[in-house]
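Notes for the one structure printed next.
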Number of protein chains: 2
Amino acid sequence: MPESIAHSISKMKSDCQCENCVLRNLIFAHVPETDADVLCEVKKEKKFKKGEIIIEQGAPISDFFYIKSGLVKLSKVSDQKRNYIITIAKPHDYINLLTIFHEKEYAYTMTALEYTEICIFPLNLIIDLTLKHGNFALGIIKKASKTSDAIIDKFIKHNSRNLRGRIAMTLLDFSLSIYKSHIFELPISRKEIAELIGMTTENVIRILSEFRKEDIIKINGKEIEIIDFDRLKMIFDHG
Amino acid sequence: MPESIAHSISKMKSDCQCENCVLRNLIFAHVPETDADVLCEVKKEKKFKKGEIIIEQGAPISDFFYIKSGLVKLSKVSDQKRNYIITIAKPHDYINLLTIFHEKEYAYTMTALEYTEICIFPLNLIIDLTLKHGNFALGIIKKASKTSDAIIDKFIKHNSRNLRGRIAMTLLDFSLSIYKSHIFELPISRKEIAELIGMTTENVIRILSEFRKEDIIKINGKEIEIIDFDRLKMIFDHG
DNA sequence: ATATCTGTATGATATTTATCAGTTCATGAT
DNA sequence: ATCATGAACTGATAAATATCATACAGATAT
């Protein structure tokens with residue numbers, strides 16, 4: 001067997017093997033095997049170190065990204081030159097959101113917050129499959145629109161809370177949704193927390209200190225331990 | 001010819017005749033005539049008076065809405081029991097946004113801000129066509145995702161502006177995007193403006209008065225005339 | 001006509017949040 | 001080793017915004 005064929009077969013077999021991959025399962029459920037194989041074959045995987053930029057706001061859209069592992073920050077410079085973090089994406093998220101369907105340029109800068117593996121597919125191939133296979137399209141829309149709606153919801157939640165409420169919200173979010181532990185290492189700086197929830201760095205620091213003094217959390221650099229969940233929840237609820 | 005058939009033919013002919021209808025044109029471009037006819041036949045049109053609620057947040061999703069004419073407010077009660085206006089939708093907007101693709105209940109209350117005509121389609125029929133006709137699906141996604149992204153952008157713009165900048169933004173928006181005139185009748189109360197851009201009613205009133213005293217606008221009840229566009233733009237730009 | 005309500009309006013004051021200034025601490029560069 | 005740099009931190013003060021109180025006009029009900 002010529003090496004090239006052997007190689008391509010091994011590639012097919014090895015490339016889409018993550019059993020918990022949401023995208024893979026969507027593809028396998030709704031796309032005929034031949035198409036699915038093509039997709040898996042052209043798939044590229046890229047690894048990013050903590051802090052590395054995956055794609056920059058304004059770059060022409062050419063690919064569809066899927067987070068295999070790691071954590072990705074989506075940020076954007078506002079028309080007022082202020083930096084905003086839109087959301088922090090987790091494994092199995094499509095980090096392009098819906099922008100790819102109607103824009104020519106990536107709307108957000110994506111940065112790896114920790115060691116991150118990204119699966120990359122040519123966008124036109126994804127679009128082709130979207131056009132050919134309705135259920136695949138619907139699956140993509142469902143997940144992407146859920147993310148978009150969650151972002152809108154996050155903004156509403158922020159805007160109806162004071163600073164303490166927002167910090168409480170952020171800590172609860174990291175603890176419950178991302179790390180699923182009462183103790184975790186913050187993946188972002190105080191400045192970035194400020195950019196995530198729209199306040200100043202000084203006040204992020206100040207309020208974290210307050211929470212520490214009130215025995216709600218323990219702080220050790222970037223390590224946070226939530227010791228009084230109920231109080232934090234209360235501050236979130238009625239802050 | 002039996003009356004029922006005559007009726008249904010006249011219905012077919014009369015029901016989807018708006019030449020500038022974005023949805024109609026999307027359908028006619030990508031859906032075979034037989035399917036398109038079914039869609040136009042089951043279409044219902046409903047008229048709402050100013051102030052009437054079209055659908056309430058939390059109601060089970062059953063229909064796809066399209067604004068034929070008028071103006072619709074999308075609002076939501078936050079988890080803090082505070083009312084938020086997400087956006088104001090114009091003719092040719094799909095006011096369900098993307099929520100319909102992944103939720104069971106409408107996420108937002110939709111209220112007519114003026115006399116409004118809504119075209120209503122059973123959601124499952126739209127989903128069927130989405131599954132069968134890729135280009136139709138893509139068209140729906142493109143428009144809906146554009147709206148979602150615009151809402152996210154609106155939040156970022158608000159959050160990086162002070163109150164004067166936000167009011168300027170709102171006035172410019174009404175003038176340029178909605179009424180395309182320097183003089184227009186505000187379709188919402190001062191309280192609703194406050195809910196749209198996240199501030200208090202008193203401050204909305206106060207800042208409108210400031211703008212009036214600074215000869216930037218003229219106010220006559222709900223009627224606003226922008227007399228100094230450049231100043232307003234400046235306040236928007238660097239407020 | 002009177003009462004009542006809601007929206008608009010304005011001023012005084014309180015509260016929240018941002019800004020500014022300065023310290024410490026860790027980190028990487030020279 | 002020391003120097004610069006940036007992040008974390010704190011306090012004092014300024015600025016922005018919300019809250020509270022009050023008034024008044026217009027609409028609606030009694």
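Each chain gets a letter, A, B and so on, in the order its sequence line appears, and its residues count up from 1.
- Between Y94(A) and F64(A), the ring-plane angle classifies as tilted under the 30° and 60° cut-offs.
- Note: CD1 (I207(B)) to P (dT8(C)) measures 15 Å, nearest angstrom.
- Considering only side-chain N and O atoms, S209(B) lies nowhere under 4.0 angstrom from the phosphate OP1 or OP2 of dT8(C).
- The C1' atoms of five pairs define one axis at each end of the helix from dA1(C)-dT30(D) to dT30(C)-dA1(D), and these two axes lie 30° apart (to 10°).
- For K191(B), no side-chain nitrogen or oxygen approaches OP1 or OP2 of dT8(C) to under 4.0 Å.
- Residues T170(A) and D173(A) have side chains that never bring a donor and an acceptor to within less than 3.5 angstrom of each other.
- For the pair E192(B) CD and dT8(C) C1', the computed distance is 14 Å after rounding to whole Å.
- Counting to the nearest Å, the P atom of dT17(C) and the NE2 atom of H158(A) are 13 Å from each other.
- In this model, C21(B) has its SG atom no nearer than 2.5 Å to the SG atom of C16(B).
- Rounded to whole Å, the distance from CD1 on I193(B) to C1' on dG7(C) is 12 Å.
- Contact check on E185(A) versus K222(A) returns no salt bridge, with no Lys/Arg side-chain nitrogen under 4.0 Å from an Asp/Glu carboxylate oxygen.
- For the residue pair E56(A)/T109(A), the side-chain donor-acceptor check at 3.5 Å is not satisfied.
- As rounded to whole Å, 11 Å separates atom P of dG26(D) from atom CG of N220(B).
- Atom NZ of K191(B) has 12 or fewer neighbouring heavy atoms from other residues, nucleotides or ligands inside a 6.0 Å radius.
- Atom CD of E223(B) is separated from atom P of dT8(C) by 14 Å (rounded to the nearest Å).
- Between the NZ atom of K222(B) and the P atom of dA25(D) there is a distance of 18 Å, given to the nearest Å.
- Side-chain N/O atoms of R190(B) include none lying less than 4.0 angstrom from OP1 or OP2 on dG7(C).
- Enclosure of atom NZ in K47(B) by more than 12 non-hydrogen atoms of other residues, nucleotides or ligands within 6.0 angstrom is indicated.
- Residues passing the side chain to side chain contact (heavy atoms under 4.5 Å, CB included) test with T147(B) are L97(B), I151(B), sequence neighbours excluded.
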* Sequence-aligned protein contact record of nucleotides 17-22 of chain D, with B where the base is within under 4.0 Å of a protein heavy atom and S where only the sugar-phosphate is -> SBBB--
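- The separation between L208(A) atom CG and dA8(D) atom P is 10 Å, rounded to whole Å.
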* To do: Take D93(B) and K143(B) through the test salt bridge (charged side-chain N to carboxylate O under 4.0 Å, His left out) and record every step on the way to the result.
  => CA-CA 8 Å; D93(B) 282 345; K143(B) 190 158 167 52; 3.6 Å; yes
